[in-house]
*Asks:* 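The structure follows.
First listed ligand is number 1; within each ligand, the first listed atom is number 1. Just so it is clear, the values below take in all heavy atoms, side chains as well, and ignore hydrogens, waters and symmetry mates.
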Amino acid sequence: IDQSLIRNFSIIAHIDHGKSTLADRLIEICGGLESREMKSQVLDSMDIEREKGITIKAQTVRLKYSSKNGKEYIFNLIDTPGHVDFGYEVSRSLAACEGALLVIDATQGIEAQTLTNVYKAIENNLQIITIFNKIDLPSADITRVKKQVEDIIGLPTDNTINISAKTGEGIIEVLEYIIKYLPPPIGDINSPLKALLVDSWYDKYLGVVVIIRVIDGNISPGMKIQMMATSANYTIENVGIFTPKKKSVAALYPGEIGYITCNIRQVSDCKIGDTITSVVNSCLFPLPGFKPSKPVVFCGLYPTDAGNFIHLKDSLEKLSLNDSSFTYESESSSALGFGFRCGFLGLLHLEIIQERLEQEFDLDLVTTAPSVIYKIKLRSGNIIEIHNPSDLPDQVKIESMEEPWIKATIFVPEEYIGDVLSLCTEKRGEQIDLSFIDSRVMVVYALPLNEIVYDFYDKLKSCSKGYASFDWEEYDYRKSELVNMTILINGESVDALSIIVHKSHAEKKGRAICLRLKNLIPRHMFVIPIQAAIGGKIIARETINAMRKNVLAKCYGGDVTRKRKLLEKQKAGKKRMRSIGKVDIPQNAFIAVLKTG
Ligand code: GDP
Ligand code: MG
């Protein structure tokens, strides 16, 4: 294969700016699928992704394009995930490309993820083609968005393209630009095999499928290969490409992207970013590689019905076959029994996994308070890392504690900036940068991750009427005054409700949680005190009064809708309860309780 006829690229965009729709158009024109197979958003293959409208697993597709210049080209489109929690996977997908299509919604302009993604592309030395999408909409304003690209990103705009991914307008131009402006790969076929491990997942029929980008040499069935990071050796069984349908090929050559299978048991044996070489004729130096993406948010997952523990275990095993970015280990709670401590890339990742467990595996789950990883310096001199409040050593043993901070980039229309700034301040944020762009503001903040995991997304959205966009990356660890707050219900400490909070927020949070629980826990036949405590000291308290003999008595003959509502509420409440001591606590209390100021 002539490398000058290959182009490898990703599409990068802020969520909803039209990445998947553009990919669909490219696949449509480049004939990878029959029209009857062409359902929208073909790259978003998992159901849950389609439902949420986001792309989780990076996918690659090989396309054929006959150019106006008479030559036939091979395009490898590497999809990148679209959500903030998966920023890491964007970088790794970009490492397999020479170029990127930067898609910007011309009715919206630059948003937080536009910026963070384009910086990742620039860091990877990619050539960038800027594309303004949605020009079919009357509110599209190319002049304005062009100026943003020049002023904010600093990219030249003399070769931008205006398209409508929806109507197809401008798509041929995109294809021609890819040929004209993106560089072809320049590998050496005579060198030893050197390939980048881009991605891997578990397939029911094939076992672990590994996506690779060949840099030098070639790879074909029967070859003995080595993963350089793990030194593990395998014999290649199958080599192929996605068109997007899977198709076997005889070999993959420099510049090509495709998959291999070689009887690998676990996805965790495939380190993303690892270099694959030949055992017989190995390359001298591996590729630079990446830091592995690692979970930053942890929580406990428990079956609502304790009898479902094994089912939960099996389900987590199955899910982790395909998603090596979340971790799980068994734990037990005196309140909730046996469950798992799970680690995620962010809060949305947590929600996705939880939803998949509930939908695909038909599980009812209790989720405990999300926690970040704290570094604790002990008086003994040792440093330990914990992500479960119940692992926190005795206060007297602790010299100091550190918590992780993130760097958040937020774009918001000017009229909401006041509220966004007070939100960031309330969350202990420190401003790094603030600049005005048209009628919008870009703010960069350092924020403690601990404050983000509870309700930051929700609050940001609501204080900006949904207009704020947000992206984040890990930043640093900072010393902090943190305390472990326990919640007592009816005098019993409920371990699953403990959280680590900043000292200055403890009292307010304690009060808010007690109030929230008071509203979530139904009345019982007896009085239930709800208390928040730090060490032995009670800092907040609420009381749930005992139930009257007949809840409905006072509605009798009166307001019918109110009566029906009460009954419905009781019914819904009964469905998902956890008893702790003598008290029934609704399942949603465990997470809802944290969504408090
Ligand atoms: P992604 O999140 O970047 O993958 O964005 P999608 O491709 O899912 O598009 C987000 C929404 O914008 C969908 O409702 C699309 O139908 C719509 N959309 C995408 N491109 C266009 C376009 O050119 N014109 C219009 N009017 N809508 C578009
Ligand atoms: Mg998409």
*Asks:* With atoms numbered from 1 as shown, which atoms in ligand 1 lie under 4.0 angstrom from a non-hydrogen atom of S20?
*Replies:* 1 (P), 4 (O), 7 (O)

*Asks:* So which atom in P183 and which in Q127 form the shortest heavy-atom distance, rounded to 0.1 Å?
*Replies:* CD-CB, 3.7 Å

*Asks:* Please work out whether any backbone atom (N, CA, C, O) or any side-chain heavy atom from C-beta onward of D16 is under 4.0 Å from ligand 1, and answer side chain, backbone, both or neither.
*Replies:* both

*Asks:* Checking side-chain contact (heavy atoms from CB on, under 4.5 Å) between I29 and each of I172, L63, V174, which is the one that passes?
*Replies:* I172

*Asks:* Under 4.0 Å from a heavy atom of L137: give me the atoms of ligand 1 that qualify, with their elements.
*Replies:* 26 (N)

*Asks:* Any idea which part of K19 is under 4.0 Å from ligand 1, heavy-atom wise: side chain, backbone, both or neither?
*Replies:* both

*Asks:* Does I15 reach ligand 1 with a nitrogen or oxygen that is under 3.5 Å from one of the ligand's nitrogen or oxygen atoms?
*Replies:* no

*Asks:* Knowing that exactly one of V249, L252, N238 qualifies, which makes a side-chain contact (heavy atoms from CB on, under 4.5 Å) with Y259?
*Replies:* N238

*Asks:* Only pairs under 3.5 Å count here: list side-chain donor-acceptor contacts from residues 408-418, not counting sequence neighbours, and write none if there are none.
*Replies:*
none

*Asks:* For D136, which part has a heavy atom under 4.0 Å from ligand 1: side chain, backbone, both, or neither?
*Replies:* side chain

*Asks:* Going by the rule salt bridge (Lys or Arg N to Asp or Glu O under 4.0 Å), which residues pair with K120 if we only count those two or more places apart in sequence or in a different chain?
*Replies:* none

*Asks:* Salt bridge or not for R440 and E111, using N-O below 4.0 Å?
*Replies:* yes

*Asks:* Below 3.5 angstrom, do we get any N/O pair linking A13 and ligand 1?
*Replies:* no

*Asks:* Go through ligand 1 atom by atom and flag the ones less than 4.0 Å from a non-hydrogen atom of S164.
*Replies:* 22 (C), 23 (O), 24 (N)

